[in-house]
Amino acid sequence: MNSLYYERLRQRRLKPGEWVFQEGDPGDYAYIIDQGSVEIFTTLEDQRYVLSVLEPGAIFGELALVDGRNRSASAVACTDTLLTLVTREQVEQRIEAADPILRMLLFVVLSYLRIESTRFRGRSKPDFVKQLGGDPETNLLPRISQAVDLIRMESELQHAIEDGELKLLYQPILSLKDQKVVGFEALTRWYSPSRGLVPPSIFMPLAECTSLIVPVGEWVVEQAFRALQQIEKVTGDRPFISINIANRQIEEPSLTGYLVEQAERYGIERDRIKLEILERTLMDSELAPRWMEECRNLGFRLTLDDFGTGYSSLGYLNRYQFDTLKLDRSFVQELEENANSRSICKAIIDLSHNLGMTVVAEGIEMETQSQLLADMGCSYGQGYLYAKPMSLGTAIEFLQEHLMGPENSRGSVE
Ligand code: C2E
Ligand code: CMP
Ligand code: CA
Ligand code: CA
């Protein structure tokens, strides 16, 4: 077979004694041994020190590929050898996509290997921190400090629940027609003593890539249901509550049981509980369809959140039965200037109604947006025009005002 064939398959064939690369070369590939064997060695005062002889299935040359420095050792084929090449792009994309803490650990491990190989060659002991931070090409130090900060934040978050640092806020959802409050969305805040207010866009993904999402999610459910009970006690009104469910929570088998148990504990009818999930969750989680069916059978309501930001696949609307669709803020923002946006919104609203769903428009900040949406037949809205997410006390006051009439109500307590 000719070399073009191997190139296409990203393979390289070598004869015994042929170099793969030499110590100090720049490194653009790592290699997987398909056939044959490869000797890894370093040279010190013309003496060859064999570090390893690698057999099929082994990978080598990964160090330079990942940390962007030169080859730490030489590699030569011992027999007829076939190698598969791993490109920088293949590795880079994966490293970028990896969990930041894993990425940090990878770089720390690699830096130790580098230090070891430098020591072996008897050169001056490298300054660890300088080596990590001093290379402008790889610029590892910011990445590492970022990851270390995430680790710290993670352990702080662990204590945040017990120490009462998490707070649940409630943002009213109103009927666009008469501005009556129909429900609230529960939104979490973390008031960290050392960091100040940490937005959920920072700590929720962190909770999600650890098991912390379970206690955080349960805390949200418990607080929200307790709040709903309190709202009913004070106002006599029975609004619904929308709760955001993260991708990872769906994989947690205990969640639905917990929802049922807490709904009973606080006397909340299940049809007043709306579980908001993102389109991305439907794409990422194989368990999502079964989970949705279970929730539906238990009587909970399902909301498709942020519609318009992801693939906005109409197929999802058809395939999965949602009760509510939330039209993303990005659509609402463009309504006035962009005729296309108006047409798309109108089409989504009509389609949703035809499929038996209600529509909540998110992020309404201006009266004109509210008017346009109402004219298009959108029934419900949520946004700073009406109220920002607010504490339970303020939410109760807001509700009372809105039961009496919409005038003078612009609650805005964070
Ligand atoms: P989301 O579910 O789309 O929530 C709506 C976000 O838009 C909230 O941001 C809310 O404060 C903000 N918002 C509401 N009205 C307006 C408006 O008129 N203008 C603007 N610019 N923004 C508006 P927040 O509270 O920072 O939450 C961000 C995201 O974090 C949420 O997006 C949700 O995905 C996630 N999140 C918040 N709390 C929780 C939670 O308890 N569990 C989970 N899993 N995710 C949560
Ligand atoms: P890289 O530095 O890109 O090129 C040389 C490769 O040899 C290196 O990646 C590792 O894959 C491998 N290597 C380096 N040091 C050792 C060692 N001590 N034992 C086995 N393999 C090594
Ligand atoms: Ca939401
Ligand atoms: Ca949303």
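Order of listing sets the numbers, starting from 1, for every ligand and every atom in it.
- Among Val53, Leu54, Ile40, the residue whose heavy atom lies closest to atom 21 (N) of ligand 2 is Ile40.
- Heavy-atom proximity to Gly383, at under 4.0 Å, picks out these atoms of ligand 1: 15 (N), 18 (O).
- Applying the 4.0 Å criterion to heavy atoms of Pro389 picks out, from ligand 1, the atoms 11 (O).
- Side-chain atoms of Asn247 and Thr281 include no donor-acceptor pair closer than 3.5 Å.
- Residues Ile32 and Leu85 are not in side-chain contact: their nearest non-hydrogen atoms beyond the backbone lie 4.5 Å or more apart.
- At least one heavy atom of Arg189 sits less than 4.0 Å from an atom of ligand 1.
- Residue-ligand proximity, Ile364 to ligand 1, at heavy-atom distances under 4.0 Å covers atoms 18 (O).
- Of all atoms in ligand 1, numbered sequentially from 1 with element shown, those under 4.0 Å from a heavy atom of Val220 are 41 (O).
- Residues Phe41 and Trp19 bring their aromatic ring centres within 6.0 Å.
- Not one N or O of Ser52 is nearer than 3.5 Å to an N or O of ligand 2, by distance alone.
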Go through the steps to decide whether Gln262 and Glu222 satisfy the test side chain to side chain contact (heavy atoms under 4.5 Å, CB included), and finish with yes or no. CA-CA 6 Å; Gln262 296 299 315; Glu222 208 259 337; 3.3 Å; yes

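- For Arg342 and Glu337, the salt-bridge test fails: no basic side-chain N is under 4.0 Å from an acidic carboxylate O.
- With a 4.0 Å heavy-atom cut-off, ligand 1 is reached by no atom of Lys388.
- For ligand 2, the polar-atom distance check against Arg71 finds a nitrogen or oxygen pair separated by under 3.5 Å.
- A distance of 7.0 Å separates CD1 of Ile241 from CG of Leu168, quoted to the nearest 0.5 Å.
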Going through the distances and angles, do Glu165 and Ser192 end up as a side chain to side chain donor-acceptor pair (under 3.5 Å)? CA-CA 6 Å; Glu165 292 166 22; Ser192 154; 4.9 Å; no

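- For atom 8 (C) of ligand 2, the nearest non-hydrogen atom of the protein is Ser72 OG, 3.6 Å.
- Only protein N, O or S atoms were considered, and those under 3.0 Å from the Ca ion (ligand 4) are Asp305 OD1, Asp306 OD1, Glu362 OE1, Glu362 OE2.
- Taking a 4.0 Å cut-off on heavy atoms, Gly61 registers as neighbouring ligand 2.
- Counting heavy atoms from C-beta outward, Lys15 and Thr79 have side chains that stay 4.5 Å or more apart.
- With a 6.0 Å cutoff to the six-membered ring centre and a 45° limit on the axis angle, Arg226 does not count as a cation-pi contact of Tyr266.
- Salt bridge status for Glu18 with Arg13: absent, with no side-chain N to carboxylate O gap under 4.0 Å.
- Residue Glu365 has at least one N or O atom closer than 3.5 Å to an N or O atom of ligand 1.
- Side-chain atoms of Gln230 and Ile396, non-hydrogen and from C-beta on, do get closer than 4.5 Å to each other.
- The protein atom (non-hydrogen) at minimum distance from atom 10 (C) of ligand 2 is Glu62 OE2, 3.5 Å.
- Geometrically, Lys326 does not engage Phe307 in a cation-pi contact defined by less than 6.0 Å to the ring centre and at most 45° from the axis.
- Of all atoms in ligand 1, numbered sequentially from 1 with element shown, those under 4.0 Å from a heavy atom of Asn244 are 2 (O), 42 (N), 43 (C), 44 (N), 45 (N), 46 (C).
- Here's the thing with Ile59: none of its N/O atoms is less than 3.5 angstrom from an N/O atom of ligand 2.
- Distances from atom 18 (N) of ligand 2 to the heavy atoms of Thr42, Leu110, Val66, Leu51 show the closest one on Leu51.
- The pair Glu232-Arg238 meets the salt-bridge criterion, since a charged nitrogen lies less than 4.0 angstrom from a carboxylate oxygen.
- For ligand 1, the polar-atom distance check finds an N/O of Thr188 within less than 3.5 Å of one of the ligand's N/O atoms.
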Taking it one step at a time, do Gln400 and Thr235 satisfy side chain to side chain donor-acceptor pair (under 3.5 Å)? CA-CA 7 Å; Gln400 284 172 323; Thr235 66; over 6 Å; no

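- When each atom of ligand 1 is checked for a heavy atom of Gln171 under 4.0 Å away, the hits are 14 (C), 15 (N).
- Among Val20, Val50, Leu63, Asp28, the residue whose heavy atom sits closest to atom 9 (O) of ligand 2 is Leu63.
- With a 4.5 Å cut-off on side-chain heavy atoms, Ile231 and Pro239 count as touching.
- Both the backbone and the side chain of Ala246 come within 4.0 Å of ligand 1, judged by heavy-atom distances.
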